[in-house]
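Here the structure comes first, spelled out in structure tokens, and everything after it is commentary.
Ligands are counted one by one from 1 in listed order, and the atoms in each one are counted from 1 as well.
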Amino acid sequence: MAGIAVVTGAAGGIGYHTALGLARRGTGVLIASRDRRRGEAAAERIRSEAAGHSPETAWWELDLGDLASVRRFSERFHDAYDGLDLLINNAGVMALPRSVTTDGFERQLGVNHLGHFALTGLLLPALLTTEGSRVVTVTSGLHRRGRIALDDLMSERRYGKFRAYCQSKLANVLFALELGRRTPLTSVLAHPGVAHTDLARTGNRFRSLLIAAARVGAQSAEDGALPLVHAAIATDVRGGELYGPDGPGERRGKPARLEVAEQGLDEETARRLWTISEELTGVRYGTFVQH
Ligand SMILES: NC(=O)c1ccc[n+]([C@@H]2O[C@H](COP(=O)([O-])OP(=O)(O)OC[C@H]3O[C@@H](n4cnc5c(N)ncnc54)[C@H](OP(=O)(O)O)[C@@H]3O)[C@@H](O)[C@H]2O)c1
């Protein structure tokens, strides 16, 4: 496929290999992340590895933990492009000590869910004018352990690093499915299984060792990207589907269609989370006539 894709968090890890996979298929790629040095180096590597295939690859600054940055990114995008073929909501943080984003949101929910909620809403006009456009939102097998604490969404009363991560990854699922119900877009979910990336780098040696032990048998970041690329380009993919590895425990393997956990199918929670997300981000999606 040709066209243009925005891949968040594509300076490294699974996002990088997803961007490379798309570039090799002739799609232009915008790497959207925070660090200029890493982002530009990744763009350079993709340009050389996908030479002759991708029409354009560039790094654009985006901090999903800062709504002003999300707005700047989307304004720049609308100035430069009329349409958007693919949005891959991939960037993420995991199991951090509690901190808040620039806008005061608990960081894992703020970056993983609310930042992507705002970005998708702001890029919506470009997605809607592009025939066959898709949004792929990246979740985790850990969404199955998630619970949305509507009475303490920012984990102010009770914070657990993994609890907040699982909540954010369940929020990704509820968002993607509600996006498909509320708009005419093809909104798909993907998860990479367990893959060797920088996600587990916590700055705490003991905790990092524990996470590394839990990751024995993990697959490469390149293989972890395969379900994302499949969700983005395969012609038999339908809105509302989830793709991930087909091996035991969904940890590794070839891309396959998987079931969403029951709590991810809860439409009432999805509606409530949507309303709260609109209020918190100030990004309103409006209403659409479904055909
Ligand atoms: N690896 C796994 O085993 C695994 C398992 C399940 C799900 N996942 C999911 O896969 C996705 C990718 O993770 P990964 O494993 O590839 O992790 P990674 O190697 O740490 O990559 C995450 C990327 O997100 C970017 N990022 C972080 N905070 C950001 C922010 N505020 N604004 C914009 N970009 C930001 C980082 O780039 P900068 O620091 O330059 O901004 C980084 O390139 C995540 O959604 C994660 O939850 C991963």
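The side-chain hydrogen bond (donor to acceptor under 3.5 Å, both in side chains) pairs that include a residue from residues 61-88 are Glu56-Tyr81, where partners are two or more places apart or lie in different chains.
In Tyr16, neither the side chain nor the backbone holds a heavy atom less than 4.0 Å from any atom of ligand 1. Using a 4.0 Å cut-off between heavy atoms, Pro192 contacts ligand 1 through its side chain alone, with no backbone atom that close. Residue contacts with ligand 1, taken as heavy atom pairs separated by less than 4.0 Å, involve Arg34 via backbone and side-chain atoms alike. For Asp198, heavy-atom contacts with ligand 1 shorter than 4.0 Å involve the backbone as well as the side chain. Under 4.0 angstrom from ligand 1, there are no non-hydrogen atoms of Met94. The part of Thr139 lying near ligand 1 is the backbone, judged by heavy-atom distances below 4.0 Å.
Counting the atoms of ligand 1 from 1 in the order shown, those under 4.0 Å from a heavy atom of Ser140 are 6 (C), 7 (C). Less than 4.0 angstrom separates some heavy atom of Thr197 from each of these atoms of ligand 1: 1 (N), 14 (P), 15 (O), 16 (O), 17 (O), 19 (O). Interface atoms of ligand 1 facing Gly193, defined by a heavy-atom separation under 4.0 Å, are 3 (O), 4 (C), 5 (C), 6 (C). Those atoms of ligand 1 that come under 4.0 Å of a heavy atom in Gly12, given as number and element, are 43 (O). Applying the 4.0 Å criterion to heavy atoms of Gly9 picks out, from ligand 1, the atoms 23 (C), 24 (O), 25 (C), 43 (O). Atoms of ligand 1 lying under 4.0 Å from any heavy atom of Val194, numbered from 1 in the order shown and given with element: 3 (O). The contact set between ligand 1 and Gly65, taken as ligand atoms under 4.0 Å from a residue heavy atom, comprises 31 (N). Atoms of ligand 1 lying under 4.0 Å from at least one heavy atom of Ala91, given by number and element, are 24 (O), 25 (C), 26 (N), 34 (N), 35 (C), 45 (O).
Residue-environment remark: CD (Glu49) exceeds the threshold of 12 foreign heavy atoms within 6.0 Å. Residue-environment remark: CZ (Arg163) exceeds the threshold of 12 foreign heavy atoms within 6.0 Å. Counting heavy-atom neighbours within 6.0 Å of Glu262 CD, excluding the residue itself, gives a total of 12 or less.
In plain terms, the two heavy atoms of Leu280 and Leu114 that are nearest each other are CD1-CD1, 4.0 Å. When all heavy atoms of Tyr159 and Gln108 are compared, the pair lying nearest together is OH-NE2, 2.9 Å.
A donor-acceptor contact shorter than 3.5 Å is absent between the side chain of Gln167 and the backbone of Leu109. Side chain of His230 to backbone of Leu226: no donor-acceptor contact under 3.5 angstrom is found. Proximity of a side-chain donor or acceptor of Asp152 to a complementary backbone N or O of Arg157 within less than 3.5 Å is detected. With Trp59 contributing its side chain and Arg36 its backbone, the two residues share no donor-acceptor pair below 3.5 Å.
Between Arg252, Arg38, Gln108, Arg36, it is Arg38 that holds the heavy atom closest to atom 42 (C) of ligand 1. Comparing Val93, Thr8, Asn90, Leu199 by heavy-atom distance to atom 20 (O) of ligand 1, the nearest is Leu199. Which of Ile14, Val7, Leu64, Asp66 comes nearest to atom 32 (N) of ligand 1 through a heavy atom is settled by distance: it is Leu64.
Gly224 does not count as a contact of ligand 1, since none of its heavy atoms falls under 4.0 Å from the ligand. Residue contacts with ligand 1 leave out His196, since none of its heavy atoms falls under 4.0 Å from the ligand. Contact annotation: Leu62 has at least one heavy atom less than 4.0 Å from an atom of ligand 1. At a 4.0 Å cut-off, not a single heavy atom of Ala221 sits close enough to ligand 1 to count as contact.
Close N/O approach between Gly15 and ligand 1 is not found [any backbone or side-chain N/O within under 3.5 Å].
Here the OG-CG distance, from Ser140 to Leu189, works out to 11.5 Å after rounding to the nearest 0.5 Å. Rounding to the nearest 0.5 angstrom, the gap separating the OH atom in Tyr165 from the CZ atom in Arg145 is 11.5 Å.
When the salt bridge (Lys or Arg N to Asp or Glu O under 4.0 Å) test is applied to Arg272, no partner is found at least two apart in sequence or on another chain.
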